[in-house]
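Only one structure is covered here, and it is reproduced in the block below.
Nothing fancy with the numbering, it's 1 onward along the sequence. Fair warning: this is a prediction, and the values are worked out from it, not measured in the lab.
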Amino acid sequence: MKTKLKVSEMARLARINPRTLHYYDEIGLFQPNSKDENGYRYYSLDQLLISD
């Protein structure tokens, strides 16, 4: 099972624009679990709340 989600993957699952995740990170509203040395953002499935 994949543990790290790229911005595009997280955005697709959350049904939002990837730029929205970048913006949320910039303002400190919703930040990724980790960033690598190149600045790539990674999220986890735990950060995704799914409701019916």
Side-chain angles (χ1 to χ4, degrees):
M1 180 182 212
K2 190 172 188 171
T3 59
K4 289 185 175 182
L5 299 172
K6 297 177 187 176
V7 170
S8 61
E9 296 168 325
M10 184 66 157
R12 182 177 46 81
L13 290 171
R15 297 180 180 159
I16 61 173
N17 188 301
R19 182 67 192 126
T20 302
L21 286 175
H22 287 274
Y23 177 68
Y24 287 170
D25 182 25
E26 288 171 17
I27 65 171
L29 181 64
F30 183 69
Q31 298 179 320
N33 251 6
S34 63
K35 292 182 185 178
D36 69 10
E37 61 277 351
N38 292 327
Y40 292 118
R41 298 164 174 94
Y42 293 99
Y43 296 88
S44 70
L45 283 176
D46 293 341
Q47 292 181 276
L48 184 65
L49 177 63
I50 301 174
S51 63
D52 291 329

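In this structure, Asp36 contributes its side chain and Asn38 its backbone to a donor-acceptor pair below 3.5 Å. Counting only distance, with no hydrogens or angles, the side chain of Gln31 and the backbone of Tyr24 share no donor-acceptor pair below 3.5 Å.
One hydrophobic cluster holds both Leu48 and Tyr23 under the rule that ILVMFWY side chains link at heavy-atom gaps under 4.5 Å. There is no path of hydrophobic side-chain contacts, each under 4.5 Å, that joins Tyr42 to Leu29. By the rule that hydrophobic residues join a cluster once side-chain heavy atoms approach within less than 4.5 Å of another member, Val7 and Leu5 end up as members of one cluster.
To the nearest 0.5 Å, atom NE2 of residue His22 and atom CZ of residue Phe30 are 13.0 Å apart. Atom OG of Ser8 and atom CG of Leu21 lie 10.0 Å apart (nearest 0.5 Å).
For Met10 against Ser44, the heavy-atom pair with the smallest separation is CE-O, 4.0 Å.
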Worksheet item: Given the rule in the side-chain contact (heavy atoms from CB on, under 4.5 Å) test, do Asn33 and Gln47 qualify, once you have shown the distances and angles that lead to the verdict?
Response: CA-CA 8 Å; Asn33 251 6; Gln47 292 181 276; 3.6 Å; yes
Discussion item. One pair to check against salt bridge (charged side-chain N to carboxylate O under 4.0 Å, His left out): Asp25 and Lys35. What are the steps and the verdict?
Written reply: CA-CA 11 Å; Asp25 182 25; Lys35 292 182 185 178; 3.1 Å; yes
